[in-house]
Amino acid sequence: MKYDALIINIGELLPMDQAGPVKGAAMNRLKVITDAALAIKEGKVAWIGKTKDAVSLDAEKTIDAENKLVTPGLVEAHTHLVFGGSREKEMALKQQGVDYLEILKQGGGILSTVRATREAAFEELYDKACFHLDRMLMYGMTTVEAKSGYGLNRDTELKQLEVVKALNEKHPIDLVSTFLGAHAIPPEYKDDPQAFLEEMQSLFPKIKEKRLAEFVDIFTETGVFTVEQSRGFLLAAQDAGFQVKIHADEIDTLGGTELAAEIGAISAEHLAVTSDEGVKQLAASDTIGVILPGTSFYLGKDTYARAREMIDGGAAIAVSTDFNPGSSVTENLQLIMSIAALKLKLSPAEIWHAVTVNAAHAINRGDAAGTLAIGRNADVVIWDAPNHLYIPYHFGVNHVNTVFKNGKIVFERQRIC
Ligand code: NIG
Ligand code: FE
């Protein structure tokens, strides 16, 4: 057989091929193949072994990995990819100590992005999101979740979801779409949040019929939606055939984590201030905890999610950027991996599980992304790093050397020296 491509001299290959989602202590068990090689055929991984055994293989193209680290493409399970405008002026307010929820209460924050997103034309939103997506690809992400939630009316929510659909058709990154119409209460429904939720709920059939989203999400938070309102909304979403996610216990401890476990949400996301009971219930459930430590960092919080206790209790944890214009303005998941090491106290093995196989399971792509095994998509990253410990260690920069999506090279670092 002639392979399309053969990568040889891989210093460390991480196949990430434990059956997922990988829970508890198993997150710390990492398979590492040294002196490895990997062959690609028709966009899939076709062979994995040692470089010495690859010499007899025939391939169109051979790539020398020069003893670098090779992993699956990173999977990003939580972004707010499509939005108008930006909010750099809020940074000064934050420095003066004005809190995130206070800015929202004053009509800024999410609501200021809602105004900009409502005003923006489809093409403008598309181009802007495409730019961020290009950057994500350069940073090693090959599958990305994208939430709506800056429309808060029927037309703009649909416009955001259509942008994701169009980008998914065009861009090498695979996009997975989430309807987050319940992201904030728009001014026109200020006094009647329940009526607003019903308005967003009325979009479920259309979103389903046009396949515009796989998941429904809600921001369960002080001044936004209560646990009761969230339960009703998410149960209606499940009845309409969606899997559900929750922005849970991000700023105040409301019990969104417990709600996620109770209703069988695929994921509970943020969890920065989850209660003891929430930690216990998450660990005992099949709900994946998607931890977003960039948000605690960017909002200047001292409290980070108790990911250590969650894993020690047996939970499956993913780690993602929460890329958005307000609470975590970065496409750099590698930086978030460093924060996960330093602030969440996760081990490198746990972090690699959290940004590959477990993140894939959190967006229902466990069979398509996050793992390098024979027959799986050849979404592969060659890193300018000697081993898997190196990425969380050397923080804040881009370590990507080459990105393959479905077996094709889609990004290569420019060499100046
Ligand atoms: O995940 N918490 C709600 N949503 C986003 C922030 C969105 C924004 O500030 O624009 C989050 O942190
Ligand atoms: Fe978010």
Side-chain angles (χ1 to χ4, degrees), residues 76-91 93-94 98-118 120 125 128-129 132 144-152 156-157 160 164 176-186 213 215-225 230 244-254 256-257 260 265 267-274 289-301 303-305 318-331 333 336 339 359 362-363:
E76 165 60 51
H78 183 134
T79 81
H80 303 253
L81 176 71
V82 182
F83 55 87
S86 57
R87 312 221 295 267
E88 56 275 38
K89 293 196 180 113
E90 277 176 17
M91 198 140 194
L93 286 176
K94 284 179 189 154
V98 189
D99 153 80
Y100 179 80
L101 290 177
E102 183 55 38
I103 297 175
L104 178 61
K105 205 167 153 198
Q106 291 171 13
I110 296 174
L111 291 175
S112 99
T113 301
V114 167
R115 288 189 288 277
T117 308
R118 286 180 179 179
L125 291 177
K128 194 164 150 61
H132 295 301
V144 170
E145 186 258 14
K147 301 176 193 296
S148 68
Y150 292 120
L152 310 185
T156 316
E157 285 295 320
Q160 279 191 279
V164 175
V176 180
S177 184
T178 297
F179 175 51
L180 178 60
H183 192 196
I185 305 164
F215 305 104
V216 169
D217 194 347
I218 189 165
F219 189 16
T220 306
E221 188 55 76
T222 305
V224 192
F225 301 106
S230 303
V244 299
K245 296 173 164 284
I246 309 185
H247 274 68
D249 300 319
E250 176 178 357
I251 294 163
D252 291 337
T253 309
L254 254 56
T257 313
S267 59
E269 320 209 338
H270 282 287
L271 317 185
V273 291
T274 294
V290 178
I291 309 292
L292 310 162
T295 310
S296 304
F297 172 77
Y298 198 78
L299 295 182
K301 304 279 183 193
T303 316
Y304 282 78
V319 168
S320 293
T321 62
D322 191 22
F323 170 68
N324 74 73
S327 69
S328 186
V329 196
T330 183
E331 300 93 337
L333 184 53
I336 304 302
I339 301 178
I363 53 174

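All ligand and atom numbering here is 1-based and tracks the order in the structure.
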Ring centroid separation for His132 and Phe83, is it under 6.0 angstrom?
-> yes
Indicate yes or no for a side-chain donor-acceptor contact from Asp322 to the backbone of Thr295 under 3.5 Å, with no hydrogens or angles considered.
->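 Between the backbone of Thr295 and the side chain of Asp322 there is no qualifying donor-acceptor contact (under 3.5 Å).
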Using modelled atom types only, decide if a donor and an acceptor are shared between the side chain of Ser148 and the backbone of Leu180 within a distance under 3.5 Å.
-> yes
Pairs of donor and acceptor atoms involving the side chains of residues 101-114, under 3.5 Å and at least two apart or interchain, shall be tabulated with distances.
residue: Glu102; atom: OE2; partner: Gln106; partner atom: NE2; Å: 2.9
residue: Ser112; atom: OG; partner: Gly109; partner atom: O; Å: 3.4
residue: Thr113; atom: OG1; partner: Arg87; partner atom: NH1; Å: 2.6

Decide yes or no on side chain to side chain contact (heavy atoms under 4.5 Å, CB included) for Glu331 and Thr321, but give the supporting numbers first.
-> CA-CA 7 Å; Glu331 300 93 337; Thr321 62; over 6 Å; no
Indicate yes or no: at least one non-hydrogen side-chain atom of His270 is less than 4.5 angstrom from one of Ile251.
->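 When only atoms from C-beta onward are counted, Ile251 and His270 do not touch, as no gap falls below 4.5 Å.
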Counting only protein N/O/S atoms, those under 2.8 Å from the Fe ion (ligand 2) total 4
Angle class for the His80/His183 ring planes (parallel below 30°, perpendicular above 60°, tilted otherwise)?
->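 Geometry flag for His183 against His80: parallel rings.
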Under the side-chain contact (heavy atoms from CB on, under 4.5 Å) rule, collect the residues that match up with Ala359, sequence neighbours excluded.
-> Val75, Ala77, Ala318
Name the one of Thr156, Leu125, Asn324, Val82 that satisfies side-chain contact (heavy atoms from CB on, under 4.5 Å) with Tyr150?
-> Asn324
Which atom pairs, nitrogen or oxygen on both sides, join ligand 1 and the protein at under 3.5 angstrom?
residue: ligand 1; atom: 1 (O); partner: His80; partner atom: NE2; Å: 3.2
residue: ligand 1; atom: 1 (O); partner: His247; partner atom: NE2; Å: 3.1
residue: ligand 1; atom: 1 (O); partner: His270; partner atom: NE2; Å: 2.8
residue: ligand 1; atom: 1 (O); partner: Asp322; partner atom: OD1; Å: 2.9
residue: ligand 1; atom: 1 (O); partner: Asp322; partner atom: OD2; Å: 2.9
residue: ligand 1; atom: 2 (N); partner: Glu250; partner atom: OE1; Å: 2.6
residue: ligand 1; atom: 4 (N); partner: His183; partner atom: NE2; Å: 2.7
residue: ligand 1; atom: 9 (O); partner: Arg87; partner atom: NH2; Å: 2.8
residue: ligand 1; atom: 9 (O); partner: Tyr100; partner atom: OH; Å: 2.5
residue: ligand 1; atom: 10 (O); partner: Arg87; partner atom: NH1; Å: 2.9
residue: ligand 1; atom: 10 (O); partner: Arg87; partner atom: NH2; Å: 3.4
residue: ligand 1; atom: 10 (O); partner: Tyr150; partner atom: OH; Å: 2.6
residue: ligand 1; atom: 12 (O); partner: Glu250; partner atom: OE2; Å: 2.9
residue: ligand 1; atom: 12 (O); partner: Asp322; partner atom: OD2; Å: 2.9
residue: ligand 1; atom: 12 (O); partner: Ser327; partner atom: OG; Å: 2.5

